[in-house]
Amino acid sequence: MMNYDFRDIEAKWQKYWAENETFKAINDSDKPKFYALSMFPYPSGAGLHVGHPLGYIATDIYSRYKRHKGFNVLHPMGYDSFGLPAEQYAIQTGQHPAITTENNIKRYREQLDRLGFSFDWSREVRTSNPGYYKWTQWIFIQLFNSWYNKSSDKAEAIEGLVSIFEKEGNATVEAVCDEDTPNFGAAEWNAFSEKEKQAILLKYRLTYLADTEVNWCPALGTVLANDEIVNGVSERGGHPVIRKKMTQWSMRITAYAQRLLDGLNKIDWPQPLKDSQTNWIGRSEGASVTFNVIPNEGVTLSAVEKSDTIEVFTTRPDTIFGVSFMTLAPEHDLVAKITTPEQKAEVEAYVEATAKRSERDRMADVKTISGVFTGAYAEHPFTKEPVPIWIGDYVLASYGTGAVMAVPCGDQRDYDFAKHYNIPIPNIFEGVDISEEAFADKETTIIANSDFLNGLSYKEATKKVIAELEKIGHGVGKVNYRLRDAVFSRQRYWGEPFPVYYVDGMPQMIDLEHLPLELPEVEKYLPTETGEPPLGNATTWAWDAKNNKVVSNDLVTLSAVEGSDKGDEMLKPRLTDGQEVQHDGHSELDSESHEGVYPLELNTMPGWAGSSQYFNRYMDPRNDEAIFSKEAIDYWQDVDLYIGGSEHATGHLLYSRFWQKFMFDRGYVSKDEYAQKLINQGMITGTSAFIYKDLDSNKVYSKGLKEGKNVIPIHADVSLVNASDELDVEAFKKWLPEYKDAEFILEDGKYIVGREVEKMSKSKYNVVNPDAICEEYGADSLRLYEMFLGPLEQSKPWNTAGITGVHSFLKKLWRLFEVIEDKEPTSDNLKTLHKTIKKVEEDIENFSFNTSVSTFMICVNELTAQKCTSKAIFEQLAILVSPYAPHIAEELWERLGHSESIAEAPFPKFEEKYLVESSKEYPISFNGKMRFKLEFPLDMGKDAIEEAVLAHEKTQEQLQGRTPKKVIVVPGKIVNIVG
RNA sequence: GCCUUGGUGGCGGAACUGGUAGACGCGCUGGAUUCAAAAUCCAGUGUCUUCGGACGUGUGGGUUCGAUUCCCACCCAAGGUACCA
């Protein structure tokens, strides 16, 4: 037999699988279905490193296992191919992101193909393909055409809402909608203009336009994410950043807050991931309470009306008698109105200072206590006492109502604030000392000094106070969520265009039959000079609503723009007086257009748009009539196993659940959770190598000699270091020529590097490329080794040295098949085989792939020792190994005389009878410590064993004359002697 | 701070519902083969030891005949999250 030539074998079978479409899934089969999904990658320019395939290998093993088990398996792969890096590269080089993306995908595909995955490539999707994003745009339109009915607790068609409005106005409608939605009757509705109706409906739609506060950098002309701002200025360029309201598309995900929470109970997802979604949604129960503002005395400028109230949300309404002040967020609408003239200057200065700080900055700085008194007072709803109103930046405008009732005795932040500004701290707790800190333990709370709440526990008091508040019309029990609606607009080029144009300032959807609306070509990928998104650079980006096509911007009606005589001016200066332009992403010139040509939306969709339904699109990816056919979704239903990284916990994995629930509500899918089981594979970290450069000389010390020297560690490329941490000094000098003349101080003739586990990254020179490993050891070795490294979900360091272990296992396996004979297996052969079947099957079901690799090693070692040549044994073994090391398994299967692929060979059946033993080697322990072993038949009784053990000379030796107090015999397990 | 996960030889990691701690592999040591190397094979490898044994799963307690496993308190690490009212 030839040597194990993995290069030929792997190339041969990869070609075979591709040519025979071995892993093509069909949408209709008598077999039970199984849908195994790996999170699709963003095709980055760096290609795959050794950490990426971990999850793919696991999914692939499970998929192949399920095929052996007789399932019709859907195991697709695709690319999340819209994204920032390709756009940034375009900005730098001018190369179109589509080209960059195409090149990167090609590289990814080559790398993936080398690893022998059983993907059904005929179903590949790319989020940046118009044929794919047509359906992303379609979902957007479905969301636009839906509202959330709280009575039925689901999304419904907007037409239904319109017909209610026509008959009875909106008084009876229980909907999730904007806060500022006005009340109207049927007559009023019917009298509204079309534009007014559209404006009202926008407050109900599940995707809607809203003024959202963003970090705006005027100098850069762009919106910045929180982490792009450092110390209040832009990370790039150090320009000032302000908080600004901009009109952006938003998704009403908050409508689904409770269902997203409840759904977690019925899916098998990792606890940490569920916890982080739970925290992110942030449900808190309490009450909404209103305080009336007391009109200022003798104030002219800031006269407060009697109707002005401050609404607060509190989780501790039971402590309402402990309120000694209120705090508003500096951005709160009432601040300007209620501030007294004496406090005006101070308040304005504070508000301005706060606006300069990013929200992240404010939140990070927990220690500084700051705030200003407004001079105004509110009236306590029960005691009618005046309560001073402060502003403070510890109260966030974006959470709750942007106002709190401060109870210093029961909340540490309120306590600290009160101490700092000498505000009284009334104690309303029975027998609690609050001289040092606030008391926040709900469980042991007994309310005191609180009128009708005295003597009550937290629970009783909460119930009673809410009832009282409702009685006097000052509050109501309420559930509040931390989850915010999701901003859906991005000022980027490389993303899905919105299927939206604007008529008279109102968004209009493009009909499905005219989709996809394809990304326009642009000269530059940067925002325009006036700060519009990159699509503002497109010259052919207007919608001809009569002919339903994209046309030149020149054709848009210009009547709205006074003094403008050039078409391409249209999307640029809206104002001629030098005022700042509002960068909404949608043009405001469109107020009156008569020719049927309208401006298109300039924003694009965010990264998570394309990934929120891709798992369903795989079911029927080439369908041009629908996102998927009814037959396809009815057959595949949902994902049975989803494997991917935990970094998507509060992004993709939350948004996609939201979209699935929406699709469920509207009847497109039959499951409201799309992934029954999810596993987060752990990160593979790199093992960096360091040399120690002396700061005072030209010397570089080996690890063991660096003590006491003034050295700094320098990263060395891990490929220059061998398994014993020895550095190839000559190669290092070649790699970093600046060390050409450095003196390397060796220990025992070797230069030993320092090691440290870090995240794999180019800059740390610890990236290990799978291509090189495949070349040297083969894909099967890599697959086995990645699994052998440790539990799938755990993060673990990569160390290439260990791969020789699994590689020599494969060579042993190869050699085991050297002689194949058609003869009866021995009982030892069968025992080894069935032990292995049992363990491997259990391991796969438990995703404990690392231990099955050990099991294979033990199996091959035993069969080799038994000099096994039995074809029957080998056939079963080849199938067992095939999910893990498919190439060698196919080759061996062929050698065993099969002409068909091993892919669907039935999985071996475990039979207990081969493992039955007649005797057991009992561990004999004394006080729980095992000392020696004795063999007894398994059918020997408890008493007989006890007698035999006690009679044994080794037992007497151990006891040294003592009489045992007790003897525990667990038949089949252990004997323990106490005494 | 809070939530979650984890802590076992030189290293990655095994150990089912409490029942022989350290499977399997790497590394290391010695040996065989070889002119030599690679490859391969064999033996050994938790610590200490007076060679009888003693001690050992982050630390300290507890439950138990028996604890890596269960309970309590604490320490450390990783990830998530945060003036959330």
Side-chain angles (χ1 to χ4, degrees), chain A residues 3 270-280 282-284 286 312-316 319 327 329 362-369 392-396 398-407 410-414 416-417 480-482 646-647 649-650 680 682-683 685 687 723-725 755 757 784-785 788-791 793-809 811-812 815 839 842 846 848 850-858 861 921-933 957 964-970 972-979:
Chain A
N3 279 336
Q271 196 55 42
L273 195 145
K274 286 186 181 182
D275 288 338
S276 68
Q277 290 206 348
T278 304
N279 289 339
W280 191 261
R283 181 185 208 270
S284 48
V312 301
F313 174 76
T314 176
T315 54
R316 295 296 303 274
T319 63
T327 314
R362 276 167 62 179
M363 291 190 290
D365 182 12
V366 185
K367 294 198 182 76
T368 321
I369 295 165
D393 69 2
Y394 78 94
V395 177
L396 303 176
S398 58
Y399 184 76
T401 59
V404 300
M405 60 174 225
V407 182
D411 180 284
Q412 194 57 43
R413 286 157 308 159
D414 296 344
D416 294 340
F417 195 89
N480 201 47
Y481 298 93
R482 196 184 80 102
S646 58
E647 67 272 21
T650 53
N680 292 130
M683 191 173 54
T685 46
T687 315
S724 312
D725 295 347
R755 290 287 203 174
V757 172
L784 278 177
Y785 188 53
F788 189 55
L789 231 37
E793 303 192 45
Q794 215 171 81
S795 140
K796 53 229 161 212
W798 179 268
N799 181 359
T800 306
I803 200 170
T804 54
V806 294
H807 187 65
S808 55
F809 156 72
K811 287 194 276 193
K812 280 184 209 166
R815 249 180 286 129
K839 177 76 174 132
E842 280 170 6
N846 295 323
S848 175
N850 53 327
T851 47
S852 31
V853 179
S854 320
T855 306
F856 290 137
M857 291 173 172
I858 295 167
N861 288 344
E921 199 176 31
Y922 280 90
I924 312 300
S925 50
F926 292 79
N927 299 318
K929 294 266 174 205
M930 200 278 289
R931 295 306 178 203
F932 56 90
K933 291 176 191 170
E957 205 175 288
K965 287 193 193 113
K966 202 173 178 185
V967 179
I968 314 278
V969 178
V970 185
K973 284 246 159 106
I974 199 169
V975 177
N976 190 22
I977 297 162
V978 188

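Chain letters run A, B, ... following the sequence lines, proteins first, then strands; residues in each count from 1.
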Tabulate atom names and distances for all N/O pairs under 3.5 angstrom spanning the protein and nucleotides 53-57 of chain B.
residue : atom : partner   : partner atom : Å
A54(B)  : OP2  : Arg931(A) : NH1          : 3.4

Spacing of CG belonging to Asn850(A) relative to CG belonging to Leu784(A), to within rounding of 0.5 Å: 12.0 Å
Integer-rounded Å distance: A77(B) C1' and Met683(A) CE: 13 Å
Could you measure between the two C1' atoms, the one in C76(B) and the one in U64(B), and give it in whole Å? 29 Å
Using the C1' atom as the reference point in each nucleotide, state the distance between A14(B) and G9(B) in Å, no decimals. 13 Å
Using the test side chain to side chain donor-acceptor pair (under 3.5 Å), find all partners of Lys796(A) that sit at least two apart in sequence or belong to another chain. none
Could you measure between the two C1' atoms, the one in A21(B) and the one in A32(B), and give it in whole Å? 33 Å
Roughly, in whole Å, what's the span from OH in Tyr481(A) to P in U81(B)? 21 Å
Residues forming a ring pair (Phe, Tyr, Trp, His ring centres under 6.0 Å) with Tyr922(A), sequence neighbours excluded: Phe936(A)
Under the ring pair (Phe, Tyr, Trp, His ring centres under 6.0 Å) rule, collect the residues that match up with Phe313(A), sequence neighbours excluded. none
By nearest-heavy-atom nucleotide on RNA chain B, the more 5' of Asp411(A) and Ile803(A) is Ile803(A)
Could you give the distance separating U40(B) and U8(B) at their P atoms, to the nearest angstrom? 31 Å
Runs of at least three Watson-Crick or G-U pairs with RNA chain B, cut-off 3.5 Å: B:1-7 with B:75-81, B:10-12 with B:24-26, B:27-32 with B:40-45, B:46-48 with B:53-55, B:58-62 with B:70-74
Whole-angstrom distance between U69(B) and G79(B), as gauged at atom P: 26 Å
Round to the nearest Å and state the distance from Met405(A) atom CE to C84(B) atom P. 15 Å
Mind checking if Thr804(A) touches a base, just sugar-phosphate, or nothing, with heavy atoms under 4.0 Å? sugar-phosphate
Reported CD-to-CG distance for the pair Gln794(A) and Asn680(A), which is rounded to 0.5 angstrom: 13.5 Å
In whole angstrom, give the distance that lies between atom CD of Glu793(A) and atom C1' of A78(B). 15 Å
Would you mind classifying the nucleic acid contact of Lys812(A) as base, sugar-phosphate or nothing, using non-hydrogen atoms under 4.0 angstrom? sugar-phosphate
G58(B) versus G10(B) - spacing of their P atoms, nearest Å: 14 Å
Encode nucleotides 3-20 of chain B as B, S and - characters from 5' to 3', where the letter depends on protein heavy atoms closer than 4.0 Å: B to the base, S only to sugar-phosphate, - to neither. -S-------BSS----BB
Atom NZ in Lys929(A), atom CG in Asn976(A): separation rounded to 0.5 Å? 11.5 Å
Is any side-chain nitrogen or oxygen of Arg283(A) closer than 4.0 Å to OP1 or OP2 of C84(B)? no
Using the P atom on both, measure C2(B) against C55(B) and round to a whole Å. 38 Å
Taken to the nearest whole Å, CG/Asn480(A) to P/C84(B) is 13 Å
Partner residues of Ser795(A) under the side chain to side chain donor-acceptor pair (under 3.5 Å) criterion, sequence neighbours left out: none
Test of understanding: with salt bridge (charged side-chain N to carboxylate O under 4.0 Å, His left out), list the residues that count as partners of Arg482(A), not counting sequence neighbours. none
Please report the distance, rounded to the nearest Å, between CZ in Phe809(A) and P in C24(B). 14 Å
Sequence neighbours excluded, which residues qualify as ring pair (Phe, Tyr, Trp, His ring centres under 6.0 Å) partners of Phe417(A)? Phe325(A), Trp390(A), Tyr394(A), Tyr421(A)
Among residues at least two apart in sequence or on other chains, which ones pass side chain to side chain donor-acceptor pair (under 3.5 Å) with Thr314(A)? none
Spacing between Ile924(A) atom CD1 and C65(B) atom C1', to the nearest angstrom: 14 Å
Residues passing the salt bridge (charged side-chain N to carboxylate O under 4.0 Å, His left out) test with Lys839(A), sequence neighbours excluded, are Asp843(A)
NA contact type, Ser808(A), heavy-atom cut-off 4.0 Å: base, sugar-phosphate, or nothing? sugar-phosphate
To the nearest 0.5 Å, atom OG1 of Thr278(A) lies from atom CD of Gln271(A) at 7.5 Å
G52(B) glycosidic torsion: syn (within 90° of 0) vs anti: syn
So Asn861(A), base contact, sugar-phosphate only, or nothing? Heavy-atom distance under 4.0 Å. sugar-phosphate
Same-atom distance (C1') from U57(B) to G6(B), integer angstrom: 14 Å
Length of the CD-C1' vector between Gln412(A) and C2(B), whole Å: 15 Å
Which residues share a side chain to side chain donor-acceptor pair (under 3.5 Å) with Arg931(A), sequence neighbours left out: none
